[in-house]
Every structure is written in structure tokens, then in C-alpha cells.
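First comes the structure, then the notes that go with it.
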Amino acid sequence: MRLSRFPIHTTKETPADAQVISHQLMQRAGYIRKLGAGLYTWMPIGKRVLAKVENIVREEMNNAGAVECFMPSIQPSELWQQSGRWDVMGGELLRLKDRHGAEFCYGPTHEEVIVHTVMQDTRSYKQLPVNYYQIQTKFRDERRPRFGVMRAREFIMKDAYSFHMDAESLETEYQNMRAAYIRIFTRLGVDFRCVKADSGNIGGAKSEEFHVLAGSGEDLLAVAEGGTYAANVEAAETLPCGAAAAATQTATRVETPGKKSCADVAGFLGADIKQMLKCIAVIAEGKFYLLAVRGDREVNEVKVRKLAGLKDYVLATETEIVKTLGSRPGFIGPVLHAGETTASAADIEAFNALIASNSITVIADHEAAALSDFICGANEKGMHYTGMNWGDAIALKPAVVADIRMIAEGDPSPDGVGTIKFYRGIEGGHVFQLGQKYSKAMGFTVLNEQGQATTPEMGCYGVGVSRLVAAVIEQSHDANGICWPDAIAPWRVLVCPIGADKSPAVKEASERLYAELIAAGIEAAIDDRGQRPGSMFADADLIGIPHRVVIGDKGLATQQFEYKHRKGAAAEMIAATLEAVLAKLD
RNA sequence: CGGGGCGUAGCUCAGCUUGGUAGAGCGCUUGCUUCGGGAGCAAGAGGUCGCAGGUUCGAAUCCUGUCGCCCCGACCA
């Protein structure tokens, strides 16, 4: 490619609206231009990189036996009503009406369409398993699009859907896709982890995410040092611990004026925060719950939502807490009122009746259940209990003991091997076992070997193609700009003639090398824009071309080119031949 | 959706408090001199100050509304 005929629009200034480095560099280097919130145009140079990522994904999907198709981005609402998601999806689903008033949505994903399509042609077990994929534009009306193409509203996704007669076949294909994803991320040259994931609201059982490790990542990953366990913290289990030790103290009300957080109370009382019980008041399906974890722990929302009856829980408001417990946030505990509060005797009786009755359920984490002689809120403003024990007459017993806390750094790995360390990651891929959720909802059956109608098992596998471009940059850049790996660089080699307008020798040598590289099948570009050396080098670094060959009179005098790798510290002189340049590319 | 902030030249921003002829840097055009890490000088082009009302002799500036964008918190490739 001749840069004189290719739009390269770089800027020295960083756009004001870009927060993360990949977004800044993609805009500065002219890879993308913003059209609106979460809407980006891929400029020609950016499209080259995007196409390369797409092609790597396509090659690995094809090699893994998946077949490419292409579905409409606009989907009829009927399909979403069949699956039940039309009413479940919130504002994220962009809804449209056509001229007849018929309702549609812009597809945020394609489970409905693929099931609808595949079921039309699939009648027999002999036609399964099969795995369809497409690389296509999706639209999700994100609450808060940000970080450029990393979290755009319109983005490019590779989505694949497989169908199977049984769970074993699904498991086989799931592992096949998982292996394909490992190859994809390896070819992209990124440091990544495959982690156990929560399957979210797409449904289904087993799922893993592929994360590109980066400090700017939005996800927190729990990875075992010295082991193989890796999970998104949302999905990371924690190990049960021992039973509570026998009580050695009796409960004592103590004043803790204005001390609300566990750290404040522990500090005020000179106690270890690990002796504290943290209680979170939540309401689900009209019922009041207290979620109890140790003072230094956090509640894991995803785990709580998996408990029976708590799927749609919300935090209790201060008003609700006052009404139900006679307490305020900061002083909540699984305890009855002692009768020494400013509240009236009747109120206390009412609170205690509520607290003691089934209308309040205590759900304790394993560690919280194992506490003894602990400190907890007294359900009175400014008051806590010390020396409390679950067996105490005024303490409620946990109705449920479950794993509801967030895993923490330093915890033993849930699989028993290694110690947990946290990393940040950018989710670039996700593999799911969906089971029969969609095939059942949409009435998809095929005849098995016995001639009986059977609902197929389904898997789905996504790669955030456009997001990955940004993720690679997050991992591979320096003060001067992007450092592309060869596999997805817009060009592998850039030929930079110095003073070609003045020196016929330079012009001739650089044109010849450029032509030879192209003839040799190397993706090369020549910067024939007539720029001064400084701006030419600055552009080359900013747009991130891996290999740079500078040709000037100085080098040609001794039959030499100058070669520099984008990540190399210094340039070196090499023989002024195609062979010498090719040797550097290997 | 709740909270905070910003809309002035292609880009980054000043001007607004205290109304009075619209500014700088970068970029762009032309000429000359330069030419190995974003050159110098000179001369130019380029903005109905997001939009709509209102106050005023007069509004980028004050008021109201509206639209857009960005940032901080519950979801996802």
C-alpha cells in the first residue's frame, strides 16, 4: 500500500473523551472515529486490523468444523416472545417498528434466530451435531457505553451456536470450541486466561470466559498462583470452613456512636475486623432477609441471586430497615432488641416479633456461621453487641448457611491447589452450554434413533471481535503508540524513504524494496507521502507497524538499510537487500 | 436510570464570574528557507459560540427549556 493514497489521519493531541489507552491511541492513530455514544466508524486502517482479527477467528472456527452463515441484524419480535425474552430484556434491547407497525429489535444476540432457522431444516438425529457461526454487527443499548470500541453499543461479534442430541455431544463440542478459542487468543499474541464464569441471564449451566489480562479490564479474576484454578470473582466458590468454636463470652451491649462500617467499629472497639459480623438487609419477593458475612468480607451478589427466592433481591432501603428492624444501616444485627432503647416498649415488642418470626430470614456465609464471640449490630442506632454467639437466646440462627461471599486475594484456591491472586481482565470470548433453554422454549424437536421427538441440547460461543482489537492495544503499546503483533498489524513492514524527492538513489531503492516485498507475499506499505523524517517515524510508531525499514543516502552509501522492530530499543543497519529484510521478519 | 460535569474553528482549549467588534496552539492552503525523531519565517482560509425561547439598547457571557456528549454507581462479547 502506498500511504500517499491511503488515508492516514494521526493527531498529536489526545481526544478529550478518551479515558483508556486503547481508545486514545485508536483515535490518535486514526483507526476509529466516533459518530455518537458507543458508535464508531472503523477507518480504512482500522478496518484492516479488524479484518485480520475476523479472519483469525474465521479460520479457527472453520478448522474446528463450524460452518459460517449470516443472519439479519433486525429480528421480528415474535421470536423473542417465543423465547420469553421480549418482556425480560430491558432497555438494552433496541426495539423498532416498521411501516406497518410490526415490532422488531436490532439483534443483541441470535439464539432466537438460529433456533428458528435451524429447526426448519433439522428433523433427524442424523443431521446433528452441527455448529453454525457468523461474524456480524450486534447492537446493545448499553446503560453506559465507554472506552471506545471496548464497550460500544454497536460492535462486531462472532457468535456460534451448536445443536446436539445429548449432553455428551454438547460437552464434546464445548471442549472443541474451548480449544479453538485457546488457538484464537494464542494467535492474537495476547496474555489471556480462560476462567470459570457465571452464565448470567443467557441461561444454561456450564460456561467459561476468555479474558485478555489488562489493568483497565472491567472484570476481576481470581486466579490460583501455584495451581490451575481460574474464575471470574462473580463465579469463584469459596471453601467451607470449620464449625464455630464454643462460646466463651456473654453478649454485651456496647456504645459505638456514629461507627457504621465494620472497619470503624472494629477500630473503635480495638477488635479484629474478622471478629465482626456484617449484615446486609435485602428484600426479595416481599420477604426480608439478612445476609451475613464476616466483617472483612463482601457479599457476592451473583451467588446470592442463585439462592431460592432471591433471584430478584434488592437492598432494603433505610426506611424499610427502620420499619422492620427498628434499626439503621450500620447497626443491623441478627438479634432481638434488648429493651433499653429509646423506642417504646410496644415498638420493641413489635420489632422482636417480626425479627423472631419467619418474616426475617438470616442467610450466613460459611465463615460467618463459624464465628463465635463475635461483634454485630444491636439493631439500635449507635449500639453493637460484643461477645455474641449464634446460640445466644437473643440471636437468630441462620436459616441457611451458604457460600455467599466474594472470594479474596490470599484465600486458598477452591480446588485446594494454590493461593488466589486477583487480576483484571477484558472479556474477549465466552463459551456456554445452554442446554435446552431455547430449543425447548421455541419448540425445536428432532426424531431420535427410536423415532421419538427429542429436544436438542444447545451451546453458544461468542468472541468480541471489535473489542479484541482494543484489548490487544491495552496489552501492547508504549509511550509512542501501538505495538501490533505481526498477526493483526495493518501492514507487517513499512518502508520509509528519507528524502526521496531529492535522491533518485533513495527513491529507486525504496520503490524496489517495496515491490520486492509485495512480490514475496509480504504485506508491506511505503510511506511515499513526502513527509519529513520526524513525522514519518512518529506516525510509524503511533500506528504501530511491527517492522520498519528506513532507506536514506547515508545507509545506501555503504549498501545498507536501517531496520527497526517496533518493540526494539534501537535501529540496526542491515544489508540493502530483500533477503536481509526477510531475515528480520522471521 | 440516579449523581456530577462539558458543549466556542477539523482537533485541544481560553474567553463567561463583572453582557459591549470571537481568540490561542495544533492541523489546513500558498511562498521561501529547511530536511534522520512530529521544522522556521511570512501570508492566508476557516466559527450564525449545540439548538429554541426569554431578559436587555446590546447575549458566547445572564435566565428557562431542550438535545448531545463525558465521568462515578446496579449489566454484558
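Letters A, B, ... are given to chains in the order of the sequence lines, protein chains preceding strands, and every chain is numbered from 1. Note that these values count all heavy atoms, side chains included, but never hydrogens, waters or copies made by symmetry.
- No hydrogens or angles considered: nothing links the side chains of A:Q82 and A:H116 as a donor-acceptor pair under 3.5 Å.
- Residue A:D553 is out of contact with every strand shown, counting any heavy-atom pair closer than 4.0 Å.
- Under 4.0 angstrom from either OP1 or OP2 of B:rU34 there lies no side-chain N or O belonging to A:R532.
- Of all nucleotides present, none satisfies the Watson-Crick or G-U wobble test against B:rU55 with each distance under 3.5 Å.
- At a threshold of 4.0 angstrom between heavy atoms, the contacts of A:E218 with the nucleic acid are absent.
- Between A:L35 atom CG and B:rC69 atom C1' there is a gap of 13 Å when expressed in whole angstrom units.
- Nucleic acid contact for A:D539: base, since at least one base atom lies under 4.0 Å from a heavy atom of the residue.
- Of all nucleotides present, only B:rG68 satisfies the Watson-Crick or G-U wobble test against B:rC6, with each distance under 3.5 Å.
- Side chains of A:E13 and A:T11: no donor on one and acceptor on the other come within 3.5 Å.
- Here the CD atom belonging to A:E60 is positioned 9.0 Å from the OG1 atom belonging to A:T186, to the nearest 0.5 angstrom.
- The partner of B:rG44 is B:rC28, judged by Watson-Crick or G-U wobble contacts that both fall below 3.5 Å.
- The residue A:V465 sits apart from the nucleic acid: no heavy atom pair falls under 4.0 Å.
- Using a 4.0 Å heavy-atom criterion, one finds that A:K502 contacts the bases of the nucleic acid, with or without backbone contacts as well.
- Taking 3.5 Å as the limit, the base of B:rC75 and the side chain of A:R140 contain no donor-acceptor pair of atoms between them.
- With its ring centre under 5.5 Å from that of the base six-membered ring and a plane angle below 30°, A:F155 counts as stacked on B:rA77.
- The line from CD1 of A:I545 to CG of A:L494 is 6.0 Å long, rounded to the nearest 0.5 Å.
- Counting distance only, with no hydrogens placed and no angle test, the side-chain atoms of A:E13 and the base atoms of B:rG27 include no donor-acceptor pair under 3.5 Å.
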